[in-house]
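Shown next, in structure tokens, is the structure this report addresses.
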Amino acid sequence: MSKKQGNVVKFPELNIENSQAEQHGKKRRSPLRAIVSAIAAVFVVCVVSAVIIHSSEESSGFFYRVTAHFALDKNDGGLSQVYQYQSGKENVYTALKNGLVMASETDVKYYNRNGDEVLSKSVDLESPAVASAGNTAVVYDRGGGSVTAFTGIRDVYEGSVDGSITSVSVSKSGSFAVSWRESGYRSSVTVFDGRGREVYYCGYTSGYATAAELSPNGVHLAVAVASQQDGAVLNRIDLYDMGSSEVKATKNIGDELVLDIGYADKKTICIVCENRLLFLDAETLGEKGKFSYGGMYLKDVSFGMDDQVVLLFNRYKGGGKCLVSIVGTDGEQIASYSSENEINSMDAGAGKVALLEDTSAVILDKELMPISSIDNFAGHQKVFVRADGSVIFTGISTADLYASGKAVRGGTK
């Protein structure tokens, strides 16, 4: 990727703690206060590390260590096998358009909807990870600096950052935000356009970016920041207009860690916290609604449904019974589906919700009513819903897939 092309805006984070100290005059800190502050600083590092580990498990951990892949298309009210192929067990995957992107330590491959390999590119990655949205996919080296973005067979852009990448998020517009660590900053976020050119940058000197997300049109950037203030760990959302170096709006979240950010629609930002969802106005960050998890344990979230967020919960900390909920932008639950089984993976899109249990797969409609299922389906570990509504399963099993138009048994509305 070319450097410093486009509208690049660089600025340091506003150091709230230091600004307050200047207003009130410098005060000598007691030994006890210094100890408390040091403990809080360590806590910030720990919670941010926990987010990074959680993200790593979801996007490049055991869910993705698979060797066989299947694409299933709806046919005559059921599911039928389209293709099957083999690959290494250290690969990571994401759906792109109606195809599948596969990345390993040594290469990146793109398969079309029929399973034909239409792109193969050599890479050198220690910890491959992938992200996609719209017509763009980004393969990056988690913990390294390498980034490869592509929108098709010919449009492939390569680049790197001089630091350690923690995560990447992709906008439907084709731009993408890279969160990384660099010398002199605790966290940095760099935005690239669809051609891999750097167009925006912000560096945080007194806080850690735990999540970042671009608006669907690629104009705004929302960043979750965890920082220390007066011995406490505080979390906030900063909203940037990428045509300006000023912070457009800020929303204080309190001591609850932000796990993820997503745009529920063009006008609403969804903040995924430890115990609740917050729905904020995309221009002002004013609160529009909230949804409490009610003591359940959040396992996964998908923004693939228009104007809605799909959540996967474990009812118990140790796993077991699961609940799927669809929540509107006002914070009200629209539909729910419960299962007595462990749900290992969930994805939503094209008016469908796909669930992968230990020994079966379940496809639900937008009201979470079962429309098809596959029984005796062990060994698969990840599910994706493609733009055309078909479903891709990845797993270590080579079991045959079969058509089934029957409603699922065992799951209850």
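These figures come from a predicted structure and were not determined experimentally.
Within the 4.5 Å cutoff, the side chain of Thr210 has no heavy atoms near those of the Leu259 side chain. For the pair Ile261/Ile269, a side-chain contact is recorded, criterion being any heavy-atom separation below 4.5 Å from C-beta on. In this structure the side chain of Tyr200 reaches within 4.5 angstrom of the side chain of Tyr240, judged on heavy atoms. A heavy-atom distance below 4.5 Å is found between the side chains of Pro216 and Tyr263. Contact annotation: the side chain of Leu221 never approaches that of Leu239 to less than 4.5 Å [non-hydrogen atoms, C-beta and beyond]. With a 4.5 Å cut-off on side-chain heavy atoms, Asp193 and Tyr157 do not count as touching. Using a 4.5 Å heavy-atom threshold, the side chains of Phe150 and Val101 count as touching.
In the model, Asp238 has a side-chain atom that pairs as donor or acceptor with a side-chain atom of Thr250 under 3.5 Å. Inspection of the Thr329 and Thr268 side chains reveals no N or O donor paired with an N or O acceptor under 3.5 Å. Neither side chain, Ser244 nor Asp241, offers a donor N or O lying under 3.5 Å from an acceptor on the other.
Side chain of Glu182 to backbone of Gly163: no donor-acceptor contact under 3.5 angstrom is found. Without hydrogens or angle criteria, Glu105 side chain to Ser127 main chain gives no donor-acceptor distance under 3.5 Å. Distance alone, capped at 3.5 Å, is enough to place a donor-acceptor pair between the Asp141 side chain and the Glu126 backbone. With Ser325 contributing its side chain and Leu311 its backbone, the two residues share no donor-acceptor pair below 3.5 Å.
Residue Lys248 places its NZ atom among more than 12 non-hydrogen atoms of other residues, nucleotides or ligands, all under 6.0 Å distant.
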- Task: Run the numbers on Ile371 and Lys352 for side-chain contact (heavy atoms from CB on, under 4.5 Å), then give the verdict.
- Result: CA-CA 9 Å; Ile371 55 178; Lys352 293 187 178 73; 4.2 Å; yes
- Task: Could you walk me through whether Ser227 and Arg186 pass side-chain contact (heavy atoms from CB on, under 4.5 Å), step by step?
- Result: CA-CA 10 Å; Ser227 61; Arg186 294 186 176 181; over 6 Å; no
- Please lay out, stage by stage, how Thr190 and Glu198 fare under the test side chain to side chain donor-acceptor pair (under 3.5 Å). CA-CA 7 Å; Thr190 300; Glu198 182 182 329; 5.1 Å; no
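The two atoms that bring Asn235 and Ala226 nearest to each other are OD1-CB, 3.3 Å, heavy atoms only.
Taking the six-membered ring where tryptophan is involved, the planes of Phe176 and Phe192 are essentially parallel, since the angle between them stays under 30° and well short of 60°.
Ion pair Glu283/Lys267 not flagged as a salt bridge, since none of the NZ, NE, NH1 or NH2 atoms sits closer than 4.0 Å to an Asp/Glu carboxylate oxygen. Ion pairing between Glu342 and Lys299 holds under the 4.0 Å rule for side-chain N and carboxylate O.
Here the straight-line distance linking atom OH of Tyr208 with atom OG of Ser179 works out to 14.5 Å at 0.5 Å rounding. Rounded to the nearest 0.5 angstrom, Tyr140 OH and Ser160 OG are separated by 16.0 Å. Rounded to the nearest 0.5 Å, atoms CG (Leu280) and NZ (Lys288) are 9.5 Å apart.
Ring centers of Phe313 and Tyr293: under 6.0 Å apart, within the cut-off.
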